[in-house]
Amino acid sequence: MVSSLDKKLGRDLWRIKGQATAIAVVIALGVLMLVMMDGLVNSLEATRTAYYERYRLADIFAPVKRAPDHVIKEIAEIDGVNVAEGRIFGGALIDLDDEPAPIRAQVASLPDYHEARLNDIYLTQGRALDPTRKDEIILLKAFADARDLGPGDQLSATMNGARRTFDIVGLAQSPEFLYAVAPGEIVPDDRSFAVFWMSREALGAAFDLDGAFNEALVQIGRNGDILSVIDQVDRLLEPYGGVGAYGLEDQLSNRFVSEEISGLRISARTVPSVFLFVAAFLLYIVISRIVQSEREQIGLLKAFGYSGAEVSLHYFKFTLVIAVAGAALGCIFGVLSGRGMVELYLIYYKFPFLVFSVDPTAFAVGLAVSIFSATIGGILVLRQVFALTPAVAMRPPAPADFSKSIAFSDAFKRFLDQPSRMVLRRFIRQPWRAAVATIGIGAGMALSISMLTVLASFDEIVDINFSVINRGDVTVSFIEPLADKTLFELKRIPGVSEVEPFRSVPAILRHGRQKHRGGLSGLIVEPRLNRAMATDRSQIMMRGDGIILAKALSDKLGIEPGDMLTVEVRNGRRPVLELPVASIAETLIGAPAYIELGALNRAMKEPYRVSGAYLRIDSSKRDSIYKAIKNMPAVAGVSRKEAEREALVKVMNEGAGGMRFVMAAIAGVITFGIVYNSARIAFAERERDLASLRVIGFTRGEASFVLLGEIAIISLLALPVGIFLGQFLAIAISAGFSTELYQIPVYYSRTSYATAALAVLAAACVSGWLVSRDVDKLSLVECLKSRE
Amino acid sequence: MTPPPSIRHAFRSEGVTKVYGSGPAAVHALRGVDLEVPQGEIVVVLGPSGSGKSTMLNILGGIDRVTDGKVWFLDEELTAMNDAALTQYRRRHVGFVFQFYNLMPSLTARENVELVTEIADNPMDAGEALELVGLTDRADHFPAQLSGGEQQRVAIARAIAKQPEVLFCDEPTGALDSHTGRAVLRVLKGVNEKLGATVMIITHAAATAQMADRVIKFADGQIRDNIVNTSKVLPENIEW
Ligand SMILES: Nc1ncnc2c1ncn2[C@@H]1O[C@H](COP(=O)(O)OP(=O)(O)OP(=O)(O)O)[C@@H](O)[C@H]1O
Ligand SMILES: [Mg+2]
């Protein structure tokens, strides 16, 4: 049989169903964020591991100029090595009829008479290569889809200076190209980067590598020590022009995926906690108010001989229903939206499968936080009520003490009518209640502000990167560093108005125990097309031998201007340089290290070399310019800034970055939920006053005014609180979103603040309207009768 | 102090004072009350508004605490009890009819009664209690759907349904017409006779005193008179 107390529970919950729903939704959103983000991290990580294992992605990649096949056997015999395989890996340019600019590609060999022992591919369509046919290729599925190519189509590509036409026999995905991005770019653009696979023999012929390989792939055994294996591989390959083996963690695609996962993990720790905290705070306020309003009934139960534990259990169940319902909703929708997010991730992270799965701890944490925050409010109030004798608790709360409140002067009285004075008195008499409500709404607003700020900052970094830092239209990169005379060839192309050379060399940067695998960018003394900017947006000139480090990089290496940086160059003579850090640049995308071009060449002992150039072009002559560049044999690739920008904006808006819109929407809903709940509380606490006012002849409008005035003042007071808290939340959230690939600075924009303020005011108006409808519906008789 | 062996006292108090608030705003609700209530009596408490009647009853009922002084229920000292012991005292022994009815708005009349019978040792059926106060046909109404008098009768049904050893009624007939009022008093008398319960009734209707074993008059926080009534009248014969 249902006990009377449980019947009371059911009916009380039903009575406040609107508010209970609003609270449950807010808590659900907090939990949703947690479950969704935690699940994403979990899923990406688990799927990546499974994918790598199934297709045997190598642990070590060792590029070399040309090593005879027998060397691979020696590598395989190194202690700790499980499997080693040599392959041919190189660059290519794809020429499509409907695309004026050449398309960058990478090509890898597959073993001819056995399946790949390492770095296998997942054939999605078509068939495997026929080793007896030299002109067959398997093409990366993403590129094929973007360009509408498939088995049976032909493709012409230039490799090692020779142009050939190939038959596409299959399409494939590969764990090596999970994030298929062209070297030097950060956002994958399926249309302008391709990968294809060829028979080992055919590719060997194309690159003059018969009986030799130019990349060793190594899989480490269970107990192998990766660093010592890398050392030994380097030693073995040294005589053949080894460029330095590197581990999977430095593999391009994997590095992006790792960055994304670790960035996401940081976000998953910070952002949902912030949301959950705000939701928990709301839950605390509302539940404590609800229990407060039950004071007389608590006293009555105590008077009947119900023990403190029994009464507490009753209210615990009450909050438990709301908290558990909210948390359960949050878990369900967290999983659903997680599944949705997975779809977004699949656009950029080419998993053949990605199953969204949540670690049960995320559910447990969500549930625990909800229950805890709901219960704590109730417990604190119950303790207060239990401190009273039942006789006192049962009486309606004593009329508030007037003696402490200031008396209104006569002049003031003339100025304020009675309803306004009622509104004002409430604030003077119960400043704590007003303060808590104000902070609650302020916290909601702060959440919106921080999300809007982060949204604005995303746009800002795109803008700064592509119009302040990087002002060229096209970047041309050469296969190998060339003499700077080549620049004249570029300058001669009609329509090219500016040419700015650069040199980039791969390098490992070290400072103390920290290291970063990246490169040095040599820029001219006073760059115009690719510039380093200081935090105050002034341009940093390239001077002397000093290095200019990106902020993210200097943080990572723990280095400051004046310190010496060790640079282990990974090509050419492979010098190890000690260079001073001259200054720190604010770069928002990537983590470059700049140095003056001449200084770099001197250090490399290769004067007058450039590895590419930034161009500014006349856009009406674009096609003919691309055609001219296509015909230059030394060109390894061309990237268009517009395409890069579009790709970046796309990834930020539609891809993984799309999450921030979901978050912003959730922040908005939470803000509304808080305002609405505050209004509901104000109404509940005033219900009887309002009915009394109506009874003694006040109009609906006047009675509503007392209520709405209070809501209006609290909302207005909350604005400065929200602005204040918003600054801190914005810092926390943007730090949560920043990764090594892009840093989200906090750009406080007036629009964000104004939008959040308007949202709070709009929420206040809507909430006010909703509760004032209840003032109209107020049943005077029932209301006055309900207690006495 | 041991009570004389012949009479067993349900309640005894010594120098009970109760002060609400402090400083200049302090209200002295009780100023030294010494009281003895023999077990099984019907006691009617009279006195002007604000004289401390409800306060005293609340203290005897274990829902309020004294500022000073001592109170015994049988051989147990209420004033020495902690919260848990007081809760047990109320739960086992006490029935209450409050001056302001204090019904749970979200429970029906029957459920309000059941709220108490569920935790009582020897309750009567909730329907039976409601029948005794003439509310059988209103059992499934919520407080807001009941008249003031009907709410008051639900409160009485709730108190007697528990079959308590002591029954405190704070103005149980205040909102009732004379006919219904008499009926309610008859029910209270029934509880007293059937269970031997000690019944204390606060009232402003001095005529009620006619049915009492004892009449206690409060004035200004003190007992002014404590009279044993020798000419008891049955409730149905009370002249209003
Ligand atoms: N919680 C309280 N805080 C302050 N003063 C109180 C409180 N409860 C009662 N009083 C004061 O104590 C005095 C005695 O109150 P009590 O309720 O006992 O009077 P009463 O005799 O029952 O009056 P009535 O016949 O009007 O019910 C009154 O002056 C009252 O104002
Ligand atoms: Mg009273």
Go through B:Thr117, B:Val116, B:Thr55 and name the one with the most non-hydrogen pairs under 4.5 angstrom from chain A. B:Val116
Going through the distances and angles, do A:Lys317 and A:Asp6 end up as a salt bridge (charged side-chain N to carboxylate O under 4.0 Å, His left out)? CA-CA 9 Å; A:Lys317 282 191 205 160; A:Asp6 288 341; 2.8 Å; yes
Checking heavy atoms, do the side chain of B:Phe142, its backbone, both or neither come under 4.5 Å from chain A? side chain
By number, which residues in residues 154-171 of chain B have some heavy atom less than 4.5 Å away from chain A? B:Arg158, B:Lys162
Does A:Glu294 come within less than 4.0 Å of A:Arg15, counting only side-chain N to carboxylate O? yes
Using only atom types and a distance under 3.5 Å, with no angle test, would you say the side chain of A:Thr319 pairs donor to acceptor with the backbone of A:Thr375? no
A:Pro390 and B:Arg90, any side-chain heavy atoms less than 4.5 Å apart: yes
Heavy-atom distances under 4.5 Å only: say whether B:Asn58 touches chain A with side chain, backbone, both or neither. side chain
Do any of residues 304-314 of chain A have a heavy atom less than 4.5 Å from a heavy atom of chain B, and if so, which, in residue order? A:Phe304, A:Gly305, A:Tyr306, A:Ser307, A:Glu310
Under 4.5 Å to a heavy atom of chain B? For A:Leu300 that would be side chain
A:Ser288 and its side chain to side chain contact (heavy atoms under 4.5 Å, CB included) partner, picked from A:Val436, A:Leu380, A:Val381: A:Val381
Heavy-atom check, side chain of B:Arg110 versus side chain of B:Asp140, under 4.5 Å: yes
Do the non-hydrogen side-chain atoms of A:Gln384 and A:Gln292 ever get within less than 4.5 Å of each other? yes
For B:Asn112, which atoms come within 4.5 Å of any heavy atom of chain A: side chain, backbone, both, or neither? neither
So does A:Asp774 pair up with A:Arg680, basic N to acidic O under 4.0 Å? yes
For A:Thr389 and B:Asp64, test the side chains for any donor-to-acceptor distance below 3.5 angstrom and give the result as yes or no. yes
Apply side-chain contact (heavy atoms from CB on, under 4.5 Å) to B:Ile42 and B:Leu188, showing your working. CA-CA 9 Å; B:Ile42 294 181; B:Leu188 297 181; over 6 Å; no
Side-chain (B:Glu36) to main-chain (B:Arg12) donor-acceptor, under 3.5 angstrom: no
Hey, are the side chains of B:Leu46 and B:Thr203 touching, using non-hydrogen atoms and a 4.5 Å cut-off? yes
